[in-house]
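Remarks on the structure that follows.
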Amino acid sequence: MKVLVLGAGVVGTASAWYLRQAGCDVTVLERQGSAGMETSFANGGQISVSHAEPWANPHAIPQALAWLGKEDAPLLFRPRLDPELLRWGLSFLGHCLPGRTRENIRAIVKLALYSRERLQALRQELGPAFGEAYDCLEKGILHIYTDRQEFARAVEAARLMGEFGLERRPLDVDGCIAIEPSLADARHLLVGGDYTASDESGDAHRFTQALAARTAAAGVEFRYGCPVASLELADGRVRGARLQDGSLERADACVLALGSYSAPFLRPHGVRLPIYPAKGYSATLALEADSIAPTVSLTDDGHKIVFSRLGQRLRIAGTAEFNGYNLELNPVRCKALVSRAHSLFPGLRYQGEPQFWCGLRPATPSNVPLIGASPLPGLWLNTGHGTLGWTLACGSGAALADLILGRPPEPDFPFS
């Protein structure tokens, strides 16, 4: 079977790897000059099954109202006449109901646990050098809280995730500092936390590039600088992709892994995907040798920010800005990342200026990605992973390969 994968971000690259392992003839089409250059480039760096609680939950609406008008708010909606955002927002409100939130958490946790297993198996198969290539750390993820009400809600969310097979162990302040001693100077801010020892961290961009190199060595053709204009249909079925230079690439099946651009790409073909771009920010600091910085990956839930140690770098990332496909850096939001880092780690010292970045995370209203058959025969979806693209990439790719080849996928997940 000849399969075209559209997009070489972390999800598209993982899809290509597992399709090749299943025996398919795979070509990847990517508009950038190499793999992982857009949303996978400088994200939070977490394999975070523990981050499976969706944005849409019963507490989201009062939180969003409290953040209205604040330029540095963790969640920022830009007022705009955008029917796609309105449609997305109305669906988001529906997913805030307790029953839907529970079902969405179940789906995300099940896929994330499976995906983490696939990642660990991949690393074992490819050898220690593969993990070293992307600064892999198997030290878990520590969620910290500075608000007692938020901490109480987190304990309940952890209990629910426990029902679905994930352990998030609640901790008092001393327990948090025992796991990550660099938090000692922020003791007065903390009220508690929870820890998932089985989670991981690393550099998603370097992971994607390393996996793309291994995938190419296994026989997959990556065609970079090759933007796709549209799908090619014949007799009611997708038969390939038309490139912007007018040429046609034929295939038995196509995989759509274009992240936030998946929705506008399919709209001319009469298919509406419930995906809207949620702009996330990051700052990367080159640490001084004596800098007091975390080594365990952290999630600061109240500020929707994560901290990941990448060798002698510290990645600070998070927040969400709904502002269409705008990729301009907002200096207020950039400054807020570094300011929060200094609040938690007063001994943080770094060389030069922070390297700021932003990317468009493909968010569905439920935070559950779209994986499986599309309404167009011959086109398969692997998109809409939101903030969990790297966490879910290996599991999504492996499951999609099973679906395309007519095999039952392993995880209990609502595949399309």
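Heads up: numbering here begins at 1 and tracks the sequence.
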| request: List the steps and the verdict of salt bridge (charged side-chain N to carboxylate O under 4.0 Å, His left out) for Arg272 and Glu84. | output: CA-CA 10 Å; Arg272 286 192 175 275; Glu84 297 301 325; 2.4 Å; yes
Examine the side chains of [X] and [Y] and answer whether a donor and an acceptor come within less than 3.5 Å of each other.
X: Gln46; Y: Asp199; value: no
X: Ser198; Y: Glu167; value: no
X: His51; Y: Thr391; value: no
X: Tyr145; Y: Arg153; value: no
X: Glu200; Y: Gln120; value: yes
X: Ser201; Y: Ser308; value: no

| task | Start with the C-alpha gap between Leu381 and Ser262, add the side-chain angles, then the distance that decides, and say whether side-chain contact (heavy atoms from CB on, under 4.5 Å) holds. | result | CA-CA 9 Å; Leu381 304 177; Ser262 300; over 6 Å; no
Between [Y] and [X], is there a side-chain heavy-atom distance shorter than 4.5 Å?
X: Val3; Y: Val255; answer: yes
X: Phe345; Y: Ile292; answer: no
X: Leu266; Y: Leu231; answer: yes
X: Leu137; Y: Leu310; answer: no

Closest non-hydrogen atom pair, [X] against [Y]:
X: Cys394; Y: Leu122; answer: SG-CD2, 4.1 Å
X: Pro294; Y: Leu314; answer: CG-CD1, 4.0 Å
X: Lys279; Y: Asn326; answer: NZ-OD1, 3.0 Å
X: Glu180; Y: Thr295; answer: OE1-N, 2.9 Å
X: Ile179; Y: Val296; answer: O-CG2, 3.6 Å
X: Ala241; Y: Val228; answer: CB-CG1, 3.8 Å

Give, for atom [atom1] of [X] and atom [atom2] of [Y], the distance between the pair rounded to the nearest 0.5 Å.
X: His342; Y: Ile316; atom1: NE2; atom2: CD1; value: 7.5 Å
X: Arg315; Y: His205; atom1: CZ; atom2: NE2; value: 9.5 Å
X: Leu19; Y: Leu405; atom1: CG; atom2: CG; value: 7.0 Å

Identify whether the distance between the nearest side-chain nitrogen and carboxylate oxygen of [X] and [Y] falls below 4.0 Å.
X: Arg239; Y: Glu232; result: no
X: Asp72; Y: Lys335; result: no
X: Glu103; Y: Arg100; result: no

Answer yes or no: are there more than 12 heavy-atom neighbours, outside [X] itself, under 6.0 Å from its atom [atom1]?
X: Arg78; atom1: CZ; result: yes
X: Gln351; atom1: CD; result: yes
X: Gln355; atom1: CD; result: no

| request: Could you check whether the rings of Trp357 and Phe41 sit parallel, tilted or perpendicular, using 30° and 60° as the cut-offs? | output: tilted
| said: Which label fits Trp88 and Tyr276: parallel for a plane angle under 30°, tilted from 30 to 60°, or perpendicular past 60°? | reply: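 Rings of Trp88 and Tyr276: tilted, as their planes differ by 30° to 60°.
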| said: Arg168 vs Asp194, test: salt bridge (charged side-chain N to carboxylate O under 4.0 Å, His left out). Steps then yes/no. | reply: CA-CA 6 Å; Arg168 273 177 58 173; Asp194 59 65; 2.9 Å; yes
| said: Can you tell me which residue among Trp55, Phe322, Phe92 is in a ring-ring contact (aromatic ring centres under 6.0 Å, His included) with Phe77? | reply: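 Only one of Trp55, Phe322, Phe92 forms a ring-ring contact (aromatic ring centres under 6.0 Å, His included) with Phe77, namely Phe322.
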| field | cation_pi(Arg31, Tyr261) dist<6.0 Å, angle<=45 | value | yes
| query | Is the centre of the Phe413 ring less than 6.0 Å from the centre of the Tyr114 ring? | reply | no
| said: Is it the case that the side chain of Ser374 and the backbone of Leu379 share a donor-acceptor pair, with hydrogens and angles ignored and the cut-off at 3.5 Å? | reply: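 Yes, the answer is positive, given that a donor and an acceptor are paired below the 3.5 Å cut-off.
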| said: Has Ser291 got a side-chain atom pairing as donor or acceptor with Leu348's backbone, closer than 3.5 angstrom? | reply: no
